[in-house]
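Below is one structure; the comments refer to it alone.
In this text the structure is predicted, and so the values were computed from the model without any measurement. Worth knowing before you read on, the calculation uses all heavy atoms, side chains too, and leaves out hydrogens, waters and symmetry mates.
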There are 2 protein chains.
Amino acid sequence: MKRTIFLYGLSLAALIVALKLLEFRFMVHSLSLEIYLSTIAVLFTAFGVWAGLKLTRPKTVLVPQTTYQFDTKRLETLGISKREYEVLELMAKGLSNQEIADTLFVSLNTIKTHSSNLFLKLDSKRRTQAIQRAKEIGLLP
Amino acid sequence: MKRTIFLYGLSLAALIVALKLLEFRFMVHSLSLEIYLSTIAVLFTAFGVWAGLKLTRPKTVLVPQTTYQFDTKRLETLGISKREYEVLELMAKGLSNQEIADTLFVSLNTIKTHSSNLFLKLDSKRRTQAIQRAKEIGLLP
DNA sequence: GCGCGCATCACCCGAAAGTATGATTTAGCG
DNA sequence: CGCTAAATCATACTTTCGGGTGATGCGCGC
């Protein structure tokens with residue numbers, strides 16, 4: 001910070017010196033005051049922009065990472081069917097097999113079959129493990 | 001954007017006019033060129049800073065949602081002990097009670113007791129439900 | 001010291017979850 | 001039209017979970 005202020009003053013001084021030199025060399029009295037002012041204004045505006053961006057914390061907007069999206073490809077590579085995925089979703093919500101069966105209007109045995117297939121395809125032995133794996137590979141949010 | 005450029009030009013013109021007026025009014029010839037330059041430099045630097053901050057887009061950064069942090073308060077309000085929380089963590093990893101018992105070098109029955117207490121405190125009936133709840137209230141990432 | 005919370009463990013029992021196997025129906029596809 | 005994959009359900013069996021109860025030891029604070 002101190003260094004920046006120092007550099008600022010230094011460049012200001014340098015600019016003035018440069019202009020003074022110009023003044024003597026090329027009879028700059030012929031140049032109008034407006035030209036001077038404009039030049040300096042533009043230069044220091046540019047400097048201001050640069051300094052402002054450099055010195056202030058970058059504005060960052062935190063976006064809640066909604067990376068997840070339904071990826072049919074991944075399901076296909078694992079051979080997981082639509083119905084099995086539905087079961088997986090409800091499992092992840094913490095529902096029991098019976099509750100899942102009631103939700104999907106099928107029998108408990110059907111859910112057991114689906115879940116067994118899921119465990120095979122997700123290489124897991126328990127529902128909690130299956131859920132964890134599914135989240136790891138992005139099947140579930 | 002166009003409006004901004006227009007305003008910029010306008011303020012520049014206004015400044016020059018103001019200085020010209022000063023020149024006639026107070027015999028500003030006595031003022032040295034350095035004073036002019038410095039004044040303009042400072043003013044336009046300030047303008048540049050303002051313009052730079054105003055015009056740049058805030059960066060949108062995808063934050064990997066590290067909202068989670070170990071919150072002892074929440075654990076206390078629910079009355080969940082350290083050991084119970086350890087069990088909860090391993091549960092969420094998909095481990096069985098037996099595996100958790102082996103990991104923590106205690107007996108299966110101990111884990112059962114801990115998990116039962118957890119279900120009470122998390123108001124759940126199954127481990128999957130407990131995990132889901134724990135994630136909802138920020139106990140687990 | 002006494003009570004309390006925590007951690008530990010045990011036993012029993014019923015419910016839920018998971019395994020294995022087989023059967024039926026249906027929709028899609030070559 | 002026949003084949004196949006998906007979805008459905010069943011029956012039987014094993015394992016895991018979860019509830020209930022009770023017990024022991026340890027550290028901490030009143």
Side-chain angles (χ1 to χ4, degrees), chain A residues 70-137 139-140, chain B residues 70-137 139-140:
Chain A
F70 191 85
D71 189 356
T72 318
K73 291 176 191 171
R74 224 187 295 262
L75 288 184
E76 284 174 4
T77 60
L78 290 171
I80 295 178
S81 69
K82 280 173 257 169
R83 205 56 163 169
E84 284 165 354
Y85 184 72
E86 287 181 299
V87 173
L88 180 59
E89 279 179 315
L90 295 174
M91 262 187 190
K93 284 188 180 177
L95 300 192
S96 68
N97 283 343
Q98 186 60 62
E99 287 169 339
I100 297 173
D102 294 343
T103 303
L104 298 180
F105 299 106
V106 294
S107 86
L108 174 60
N109 289 304
T110 304
I111 301 304
K112 283 188 176 185
T113 306
H114 285 324
S115 59
S116 283
N117 290 333
L118 273 172
F119 299 153
L120 280 180
K121 291 166 184 175
L122 288 174
D123 191 29
S124 52
K125 295 205 168 299
R126 284 166 295 282
R127 50 174 55 228
T128 47
Q129 200 178 0
I131 292 167
Q132 171 69 7
R133 265 194 145 56
K135 295 197 174 185
E136 280 174 5
I137 62 179
L139 284 185
L140 291 174
Chain B
F70 192 85
D71 190 356
T72 317
K73 291 176 191 170
R74 223 188 295 264
L75 288 184
E76 283 175 4
T77 61
L78 290 170
I80 295 178
S81 68
K82 282 174 252 168
R83 205 56 164 168
E84 286 165 353
Y85 185 72
E86 288 181 298
V87 173
L88 179 60
E89 281 179 313
L90 295 173
M91 263 189 190
K93 284 189 181 177
L95 301 192
S96 68
N97 284 343
Q98 185 60 63
E99 287 168 339
I100 296 174
D102 295 343
T103 303
L104 298 179
F105 299 105
V106 294
S107 86
L108 174 60
N109 290 303
T110 304
I111 301 302
K112 283 188 177 186
T113 305
H114 286 324
S115 59
S116 283
N117 290 333
L118 273 173
F119 299 151
L120 279 180
K121 291 167 184 175
L122 288 174
D123 189 31
S124 50
K125 294 205 169 297
R126 285 167 292 283
R127 50 176 51 225
T128 48
Q129 200 178 359
I131 293 166
Q132 172 70 5
R133 264 194 146 54
K135 295 196 174 184
E136 281 174 4
I137 62 180
L139 285 184
L140 291 174

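At the heavy-atom level, A/S107 lies under 4.0 Å from the strands shown only through sugar-phosphate atoms. Among the atoms of the strands shown, base atoms are found under 4.0 Å from some heavy atom of A/N109. The residue A/S96 sits close only to the backbone: its heavy atoms come under 4.0 Å of sugar-phosphate atoms, none of a base.
Positionally, the nearest nucleotide of DNA chain C for B/K112 lies more toward the 5' end than for the other of B/K112 and B/R126. Both A/H114 and B/L95 sit near DNA chain D, but only A/H114 has its closest nucleotide nearer the 5' end. Looking at which nucleotide of DNA chain D each of A/V106 and B/S124 is closest to, the 5′-most match is held by A/V106.
With hydrogens and angles left out, the side chain of B/S115 and the base of D/dC17 share no donor-acceptor pair within 3.5 Å.
If you measure from atom CG of B/D102 to atom P of D/dT16, you get 11 Å, rounded to the nearest angstrom. Separating the CG atom of B/N117 from the C1' atom of D/dG19 is a distance of 11 Å, rounded to the nearest angstrom. We find that CG of B/N97 is positioned 4 Å from P of D/dC17, with the value rounded to whole Å. D/dT11 atom C1' lies 13 Å from atom CG of A/L108, rounded to whole Å. Distance B/R83 CZ to C/dG5 C1': 16 Å, rounded to the nearest Å. Rounded to whole Å, the distance from CG on B/L122 to P on D/dG19 is 12 Å. One interatomic measurement links the two molecules: CZ of B/R127 to C1' of C/dA15, which rounds to 15 Å at whole-angstrom precision. Here the P atom of nucleotide D/dG19 and the CD atom of B/Q129 are 11 Å apart, to the nearest Å.
Residues B/N97 and B/M91 come closest through the heavy atom pair OD1-CE, 4.5 Å. Here the closest heavy-atom approach between residue A/A134 and residue A/L88 is recorded as CB-CD2, 3.8 Å.
Classification of A/K93 and A/E99 as a salt-bridged pair fails, no side-chain N sitting under 4.0 Å from a carboxylate O.
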> Could you go step by step and tell me if B/L90 and B/L104 meet the side chain to side chain contact (heavy atoms under 4.5 Å, CB included) rule?
Replying inline: CA-CA 10 Å; B/L90 295 173; B/L104 298 179; 3.9 Å; yes

>> Let's go through B/S107 and B/T110 carefully: what are the C-alpha distance in whole Å and the side-chain angles of both, what is the deciding distance for side-chain hydrogen bond (donor to acceptor under 3.5 Å, both in side chains) to 0.1 Å, and is it a yes or a no?
In response: CA-CA 5 Å; B/S107 86; B/T110 304; 3.2 Å; yes

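Comparing C/dT8, D/dG18, D/dA7 by their nearest atom to the side chain of A/K82 picks out D/dA7. Listed candidates were C/dC6, C/dT8, D/dT8. Nearest to the side chain of B/S81 is C/dC6.
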